[in-house]
Amino acid sequence: EAGEAEEAVGIQAGGGTQVHPRGKRQDEGLVVILAGSEAAAEVLPGLPAAAVVRRQREGFPAVPSDRARGNPDRVLFQKLDVGASGFLDDVAVNTQIAIDRYFSFLKGLTRVLMLDASLLTDALRSQGWGKPATGSRGSPRDAGKKTQGNIRRSPSLMVLKASMKGETGSGELSVSDAIAEAGYPVQKLEVETEDGYLLDLYRIPRPESKEVVVFQHGMMDSAYGWVLKGDESAIAFAAYDRGFDVFLANFRGTPPRRCTERVKTFWSFTFNELGKYDMRAVMEKIHEVKTTEAAEVVGSEVPADADYKLRAVGHSLGGAGLLIYLFDCILRGRDHHLHRMVLLSPAGRHEYDPPLLAQILCLMDRVVGPFLNRLNFGMTVYGSVLRVGAQKMAVDVSSLPGLKGLFDILCRIFFGGDRSFGDVLAPYWTPYIQSMPGLCWGIVRHGHQIVNARRFLLYDYGTRAKNFEHYGQGSPPEVAFEGLDVPIDFVAGRDDGVVPAKCVRLQYEEMRKMGNPVTFEEFRNFGHLNFIHQPSEEFTSYLLSRLSLP
């Protein structure tokens, strides 16, 4: 037992799997993550591996917050991979190589023209004929030397492609690895939606806690965004440190993009499906996990109603998905399991100042939208070569101030003057691009309908007959509430160019007038991505205070 303890750095019994990038072993329903003494010292400096095992067996976190998470240098994925080079680095190095080869060619041509006999001798020796003379160019002491001087070739595409796959041999982005490397426990669950999509649900588990929070990402993002910073300042880790049982949900379209055979066209969904199916499946899975754990504690059958409080935090499209989920539950008379919602720059109302990129997409939808909507394709970066190219661009942008300034200007132009995209995308892009989330045209088309209608409507299927088939009426219903039993906190960023603060305030004002328990808070100097990837202490304190309300 002591020998196993020295090797193990993580344990999780029961459902799901607790992971660590070093590998795993399964033994009688207990998943033991092997690391070895050196790996344990690297991940958990100063903490004996046996103590980690003992802490987990006793129900405590694997790593004390004041030990493993107090090191500011352990910020994961914020720095670019030192093994990667940018496009400009490649141009410089390969230019040197080309010049070196050019002069080597001229030297060889001159020797041929001068009838240099040693040229033939060197050629024969290179083919294994003859013996090199002591001190000659082909002597043993020079055998290990390279013929191209001291030029160091930058990593090739093949090398970078291999390095991007990591230790697991997979190019997929590992949220579990990010959580485990930050010193937190992690559990990965699989969720199947009613219409056949398979989603990854990550958990930073506190099974004993009755305070539960689920985080839902926005458009072109994933659960990874909530743990991006890699230390206790990341929102998900801050919530765990406050005592919450934390769940990180993914929408369909997020890697690894799996589904059952029932799904015929993967890239065919709108806002509706994200709320009606994805969020529903996530909430039901969390309810199942908490009720099962509660039953195990008391040693009885699964109780009909577990004593826990579930909060939900949604960003951008995630906020719209939560509102649709709540609307659908009320419409169908289902239990939503929610105690409170906090919506960070939620999508749904876009009357004011849509950014240039949104205007371009709306124009495309007006011209070729019906055709694109019939295609089964996702807007993402396909293929390792393209991902490597995007990674190289990120290296150039991050390392060259002039290029970084140009990138910031372009981001402000396309994202309504929002500075957060330029500040966040460059350092975030390298790990993010390894397995980029995707977006289907149905999402764009639904967003265009909302912009035109100037109201938050469910998807318009185009004809009265199709709408009647889905909604029981000829037009799509508006996502509106009256007399809600779930408090909702609306949060906006004053510098948000994607969902401007006045659009968020409009949602708040309409819900307040209908007698719903809602609040509104606006943060200065906050862009659309600052809520997730660069949260301030003021915002984090506010968020945790709202989540902690009884």
For [X] versus [Y], what's the shortest heavy-atom pair and its separation?
X	Y	value
Pro346	Gly319	CB-CA, 4.1 Å
Asp485	His336	OD1-NE2, 3.3 Å
Glu192	Ala281	O-CB, 3.8 Å
Ile204	Pro185	CG2-O, 3.4 Å
Pro207	Lys290	O-NZ, 3.4 Å
Thr540	Ala238	CG2-CB, 3.9 Å

Point to revise | Step-by-step side-chain contact (heavy atoms from CB on, under 4.5 Å) determination, Tyr197 to Phe269 | key: CA-CA 11 Å; Tyr197 285 79; Phe269 51 87; 4.1 Å; yes
For the residue pair [X] and [Y], establish whether any side-chain heavy-atom pair is separated by less than 4.5 Å.
X	Y	answer
Leu198	Thr260	yes
Asp245	Arg203	yes
Met279	Met283	yes
His528	His315	yes
Glu194	Arg280	no
Val191	Glu284	no
Val504	Val491	no
Leu344	Val342	yes

Main-chain N/O of [Y] paired to [X] side chain as donor or acceptor, under 3.5 Å:
X	Y	result
Asp496	Ala501	no
Asp278	Arg252	yes
Asp418	Gly527	no
Ser316	Ala347	no
His217	Phe251	yes
His350	Val451	no
Lys309	Ser548	no
His446	Thr270	no
Ser209	Gly243	yes
Asn530	Ser420	no

Point to revise | Test of ring centre spacing under 6.0 Å for Phe526 and Phe531 | key: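 Between Phe531 and Phe526, which both carry aromatic rings, the centre distance is below 6.0 Å.
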Review point. Are Phe421 and Phe414 near enough that their ring centres are under 6.0 Å apart?
Key: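 Here the rings of Phe414 and Phe421 have centres that are no less than 6.0 Å from each other.
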Practice item. Using the side-chain contact (heavy atoms from CB on, under 4.5 Å) rule, take Val313 and Val213 through it: C-alpha gap first, then chi angles, then the decisive distance, then the call. Key: CA-CA 7 Å; Val313 179; Val213 61; 4.0 Å; yes
**Study point:** Stepwise side-chain contact (heavy atoms from CB on, under 4.5 Å) test for Leu506 and Tyr352
**Key:** CA-CA 10 Å; Leu506 183 60; Tyr352 304 109; 4.3 Å; yes
Review point. Under the criterion side-chain contact (heavy atoms from CB on, under 4.5 Å), which of Val227, Leu189, Asn250 is the partner of Tyr202?
Key: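 Filter result, single survivor: Asn250.
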Could you tell me whether [X] and [Y] make a salt bridge, using a distance below 4.0 angstrom between a side-chain N and a carboxylate O?
X	Y	result
Arg311	Glu211	yes
Arg419	Asp408	no
Arg512	Glu509	yes
Arg546	Glu521	no
Lys502	Asp353	yes

From [atom1] ([X]) to [atom2] ([Y]), nearest 0.5 Å:
X	Y	atom1	atom2	result
His337	Leu326	NE2	CG	12.0 Å
Phe520	Leu343	CZ	CG	12.0 Å
Leu274	Leu322	CG	CG	10.5 Å
Lys210	Leu310	NZ	CG	15.0 Å
Met511	Ile488	CE	CD1	3.5 Å
Thr254	Met220	OG1	CE	9.5 Å

Review point. Stepwise, does the side-chain contact (heavy atoms from CB on, under 4.5 Å) test hold for Phe237 with Ile179?
Key: CA-CA 9 Å; Phe237 296 152; Ile179 297 173; 4.1 Å; yes
Check your understanding: Does one side chain, of Tyr308 or His339, offer a donor that lies under 3.5 Å from an acceptor on the other?
Key ->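 The answer is no; no qualifying pair exists.
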Exercise for review: Look at atom CD of Glu538 and say whether more than 12 heavy atoms of other residues, nucleotides or ligands are closer to it than 6.0 Å.
Suggested key: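 Counting other residues, nucleotides and ligands, CD of Glu538 stays at 12 neighbours or fewer.
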**Study point:** Partner of Tyr240 under ring-ring contact (aromatic ring centres under 6.0 Å, His included), chosen from Trp226, Phe247, Phe215, Tyr184
**Key:**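 Among Trp226, Phe247, Phe215, Tyr184, the one that satisfies the ring-ring contact (aromatic ring centres under 6.0 Å, His included) with Tyr240 is Tyr184.
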**Study point:** Phe481 and Phe327 aromatic ring geometry - parallel, tilted or perpendicular at 30°/60° bounds
**Key:**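 Answer is perpendicular, since the angle exceeds 60°.
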